[in-house]
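Whatever order the structure lists them in is the order used to number ligands and atoms, beginning at 1.
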Amino acid sequence: MLTNDSYELLRRLASPLVAVTSAHEGRTNGMILDSAIRASISPEHPRLSVYIHKWHLTHDLVWASGRFGAHLLTVDQFELVHQLGFRSGRKVRDKLAGLPHRIGGSGVPLLESCHAAFECRVVNTMDAGPSTLFLAEVEATHAGTTGTLLTADYFRAHLPEAWQEEFLKNYREAQERIRDLAAVRDVRRWGGPTTP
Ligand SMILES: Cc1cc2nc3c(=O)[nH]c(=O)nc-3n(C[C@H](O)[C@H](O)[C@H](O)COP(=O)(O)O)c2cc1C
């Protein structure tokens, strides 16, 4: 089943589309996700979290390097979403090729064209079954272009006809993988807060 009424409502609970970039031992890559969330209300300890499926190349690069770049996008960046979010870097030699970017102070690739770029350092992880939840400290922020943020809802509603088949095929394949990986294996119970 690709979707149902309940999942369509849950789908509304999505972040803007975020381009996540990563680098490890000379290999760079990028992907798209809509599962990023601000994880702190403190400007002194800015944090965000992302869920990344375990089979993505980005997953391995973030896991190994402990760092990633997160970029907010605007509604005119459909091509970038297609380049990073439709095919894995395991199949494409260099997904960042042709996308203007530079390497930030923390070593992660930073896209030149975006609303904002965050350089993130992983501070904790959690096994979430098909994906890993990465909690990260935002170590540097770069403001970019203005414009309306690109959300998952907007992207799906305006998906070009020519990309629809590929989008659905990817979705179906991901759901098949999720079925096999649904169980959370590493269930570690947090002991709760301790008095400082
Ligand atoms: C609109 C959209 C939303 C996506 N959201 C997520 C997500 O939240 N988590 C995830 O792991 N993959 C998500 N993906 C899928 C990855 O971006 C995609 O599979 C990508 O090719 C993985 O690249 P990699 O293997 O090179 O890392 C999304 C893709 C699109 C197009």
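- When only interatomic distances are considered, the shortest N/O to N/O separation between L17 and ligand 1 does not fall below 3.5 Å.
- In this structure a side-chain-to-backbone donor-acceptor pair under 3.5 Å is missing from S131 to K54.
- Distances below 4.0 Å separate heavy atoms of S88 from the following atoms of ligand 1: 21 (O), 23 (O), 24 (P), 25 (O), 26 (O).
- When each atom of ligand 1 is checked for a heavy atom of F86 under 4.0 Å away, the hits are 31 (C).
- For ligand 1, one of its N or O atoms has an N or O atom of D34 under 3.5 Å away.
- Aromatic ring orientation, F167 versus F86: tilted (interplanar angle from 30° to 60°).
- Of the protein's non-hydrogen atoms, L33 CB, 3.4 Å is the one closest to atom 7 (C) of ligand 1.
- A salt bridge does not link D60 to R27: none of the charged side-chain nitrogens sits closer than 4.0 Å to a carboxylate oxygen.
- Using the six-membered ring where Trp is involved, H53 and H56 have ring planes that are perpendicular, over 60° apart on the 30 and 60° scheme.
- Without hydrogens or angle criteria, Q83 side chain to L96 main chain gives no donor-acceptor distance under 3.5 Å.
- Although no hydrogens or angles enter the test, the distance criterion places no donor-acceptor pair under 3.5 Å between the side chain of T132 and the main chain of M126.
- Judged purely by distance below 3.5 Å, without hydrogens or angles, the side chains of H115 and Q77 never pair a donor atom with an acceptor atom.
- Only the backbone of R87 comes within contact range of ligand 1, with a heavy atom under 4.0 Å; no side-chain atom does.
- For the pairing with L80, the side-chain contact (heavy atoms from CB on, under 4.5 Å) check across L150, L111, T74, L17 returns one residue only, L111.
- Under a 4.0 Å criterion applied to the non-hydrogen atoms of K95, ligand 1 contributes the atoms 20 (C), 21 (O), 23 (O), 24 (P), 26 (O).
- Summary of contacts: the protein heavy atom closest to atom 11 (O) of ligand 1 is H53 N, 2.8 Å.
- Classified by interplanar angle (parallel below 30°, tilted 30° to 60°, perpendicular above 60°), the ring pair Y7/Y171 is tilted.
- A distance of 9.0 Å separates CD in E161 from CG in L159, rounded to the nearest 0.5 Å.
- The proximity of N29 to ligand 1, defined as any non-hydrogen pair under 4.0 Å, is limited to the side chain.
- Near I52, meaning under 4.0 Å from one of its heavy atoms, ligand 1 places the atoms 11 (O).
- The single protein non-hydrogen atom nearest to atom 18 (C) of ligand 1 is G85 O, 3.4 Å, given as residue, atom name and distance.
- For the pair L84 and ligand 1, a heavy-atom separation below 4.0 Å is found.
- Checked by distance only, ligand 1 and H56 come closer than 3.5 Å through their nitrogen or oxygen atoms.
- Heavy-atom contacts of M31 reach the following atoms of ligand 1: 10 (C), 11 (O), 12 (N), 13 (C), 16 (C), 17 (O), 22 (C), 23 (O), 27 (O) (cutoff under 4.0 Å).
- Here the heavy atom of the protein found nearest to atom 27 (O) of ligand 1 is T58 OG1, 2.5 Å.
- Contacts between Y51 and ligand 1 below 4.0 angstrom, taking non-hydrogen atoms only, involve the backbone exclusively.
- Taking a 4.0 Å cut-off on heavy atoms, W55 fails to register as neighbouring ligand 1.
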Using salt bridge (charged side-chain N to carboxylate O under 4.0 Å, His left out), reason through E173 and K169 one step at a time and then give a plain yes or no.
CA-CA 6 Å; E173 282 176 8; K169 182 172 164 283; 3.4 Å; yes
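- Taking every heavy atom of G89 and a limit of under 4.0 angstrom, the matching atoms of ligand 1 come to 24 (P), 25 (O), 26 (O).
- Here R11 does not pair with D153 in a salt bridge; the nearest charged N to carboxylate O distance is not below 4.0 Å.
- Ranking protein heavy atoms by distance to atom 8 (O) of ligand 1, first place goes to S35 OG, 3.0 Å.
- Among protein heavy atoms, atom 2 (C) of ligand 1 sits closest to I32 CG2, 4.0 Å.
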